[in-house]
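By convention in this document, chain letters (A, B, ...) are assigned in the order of the sequence lines, proteins followed by strands, and residues within each chain are numbered from 1. All values derive from a computational prediction rather than experimental measurement.
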There are 2 protein chains.
Amino acid sequence: MKTIGFDSHNHDACISDALGIATDICAQQKLQFTPVRRRVLEILLHEHRAMGAYDILEVLSSEGLGSQPPVVYRALDFLVKHGLAHRIEGLNAYTACAHLDHEHVPAFLICRTCKAVAETDTGIAQGRLGQAAASAGFTIEKVVVEAEGLCPSCAGAAA
Amino acid sequence: MKTIGFDSHNHDACISDALGIATDICAQQKLQFTPVRRRVLEILLHEHRAMGAYDILEVLSSEGLGSQPPVVYRALDFLVKHGLAHRIEGLNAYTACAHLDHEHVPAFLICRTCKAVAETDTGIAQGRLGQAAASAGFTIEKVVVEAEGLCPSCAGAAA
DNA sequence: TGATAGTCGTTACATTATAACATATCAATA
DNA sequence: TATTGATATGTTATAATGTAACGACTATCA
Ligand SMILES: [Zn+2]
Ligand SMILES: [Zn+2]
Ligand SMILES: [Zn+2]
Ligand SMILES: [Zn+2]
C-alpha cells in the first residue's frame, strides 16, 4: 500500500518500468498494445498528474498519432478497462496506474492546485461502506474513492 | 449511519420533512431559499435517484421556472454548496441529501440499472485513506466515495 | 488464403457545463 | 422611504467532455 506521486523519484526508470510491465501484461493477455495505446500510457506516465482526454489528444495530434476525440477515448477505454490507467471521476480526467504489479482497488489523493495524483490502495469494500452495502442488500461492483486537497509542495508554497 | 434509498417508506413525509429542514437551515444561515432552488430540491427529493442537470432543467422548463442551463446549474451549485444536495461524480448527476439533520461525509451506493442512490455515512478520512494521506503529507479537504453496483430490487429482477 | 474479430480514421453529433453581461430583487441602513 | 451594495435571475453564446456510426484496415488463426 505504498503511496506514489508526491515523493521525488527516478522518473525515467519509473516510466520505463511501467511500460515494461504494461507490455508484459498485454502479451500475457494477448492484448494489442498498439502505438496509440502505448503512447497514451507514456503521456500519462510522464506526468504523475490527472490529464483530460483533450489534453492528451493535443499531444497525440502534435505527433501525428490521431487528431479526433475517438482516438484518445478508445485508447483510454482500453487502458482503463485493463487496469493500466484509471479515470479520476472528480476531474473528468485520467492517470496512469501506479500499481501495475498487483491487483488493487485504487484510491486517489488529488492536489486541487497542481493536479498531482497519488495512488494508494484501500480495502474500502471491507470497511464501513461494505457493511452499509451488505445491510442494504446492495451488491458492490466498483468503488470510487477520491480525496481532493493539497499536496505537500502546494501546501508549502501557500504557507 | 442509516442507509436510505432502497427501502420503501412514507415518501411524502420524507419529502416534506426534508423541505422543512432545508427551510430551517436556510433561515438560520440567512440564505435565500428562492422558488427555483426550492423547486430543484423538491424535484431531487421526489426521486431517490441521481438526476442529470438537464433532466431537472426539463422539469423546470415545463413549469415556467427557467429554461436555460445556468438556471439549473446555479440552483444546484447553491444546494451542493450548502449541503442540501450532493453531486454524484461517477454519473455527472445530482441527488438530494438524505441526512440533512447532521453533519456528515456522504458515501453513496448507486444502482447502475435504475440509478437509485442510497446515501450513507463514512469515516473514511479516519481510516486507511487518512493514514495514507497523513504519511504522504497530503491535506484532505474533500472526499468522494461512491460504490456502483446493483440495488436489491434490480438484483432480484436480474435473477 | 480466407474468415473473423479487433482496431483505426473520420464525420457528425450528444451531453455536460460556463463565461459574460444586462436586469431584477433583496436587505440593510442612512 | 430612499439609497445602495450584495445577491439572484434571464439570456445568449460557447466551452469542455464524450459517443454513435460507418467504412477501411490489420492482426490472428483455422
Ligand atoms: Zn492502479
Ligand atoms: Zn500540488
Ligand atoms: Zn448528505
Ligand atoms: Zn436498481
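Rounded to an integer number of Å, the gap from CG of A:Leu57 to C1' of C:dC8 is 14 Å. Rounded to whole angstrom, the span from the CD atom of A:Gln68 across to the C1' atom of D:dG18 amounts to 14 Å. In this structure, the CD atom of A:Glu58 is 10 Å from the P atom of D:dA16, given to the nearest Å. Atom CG of B:Leu76 and atom P of D:dT9 are 12 Å apart (whole Å). In this structure, B:Leu60 atom CG and D:dT9 atom C1' are separated by 13 Å, rounded to whole Å.
Side-chain atoms of A:Val71 lie closest to C:dG9 of the nucleotides C:dG9, C:dT16, C:dA19. When distances are taken from the side chain of A:Tyr54 to each of D:dT7, D:dT17, C:dC8, the shortest belongs to D:dT17. Closest to the side chain of A:Pro69, out of D:dT9, D:dG18, C:dA19, is D:dG18.
Checking B:Leu31 against A:Leu91, the closest nucleotide of DNA chain D that is more toward the 5' end is the one next to B:Leu31. Nearer the 5' end of DNA chain D, as judged by each residue's closest nucleotide, is the contact made by B:Leu65, out of B:Leu65 and A:Ala93. Between B:Lys30 and B:Tyr73, the residue whose closest nucleotide on DNA chain C is further toward the 5' end is B:Tyr73. Toward the 5′ end of DNA chain C lies the nearest nucleotide of A:Arg74, the other residue of the pair A:Arg74 and A:Asn92 mapping further downstream.
With hydrogens and angles ignored, the 3.5 Å screen pairs a side-chain donor or acceptor of A:His11 with a backbone N or O of A:Leu45. Here the side chain of B:Glu146 pairs no donor or acceptor atom with the backbone of B:Ile110 at under 3.5 angstrom.
In this structure, A:Glu58 places its CD atom where only 12 or fewer heavy-atom neighbours from other residues, nucleotides or ligands lie under 6.0 Å away. Surrounding NE2 of B:His82 are more than 12 heavy atoms belonging to other residues, nucleotides or ligands, all under 6.0 Å away. Atom CD of A:Glu42 has more than 12 heavy atoms from other residues, nucleotides or ligands within 6.0 Å.
Using a 4.0 Å heavy-atom criterion, one finds that B:Phe78 contacts no nucleic acid atom at all. Within the 4.0 angstrom heavy-atom criterion, no nucleotide atom of any strand lies near A:Phe33. Within 4.0 Å (heavy atoms only), B:Ser67 reaches no atom of the nucleic acid at all.
Within the 4.0 Å cut-off from OP1 or OP2 of D:dG18, at least one side-chain nitrogen or oxygen of A:Arg87 is found.
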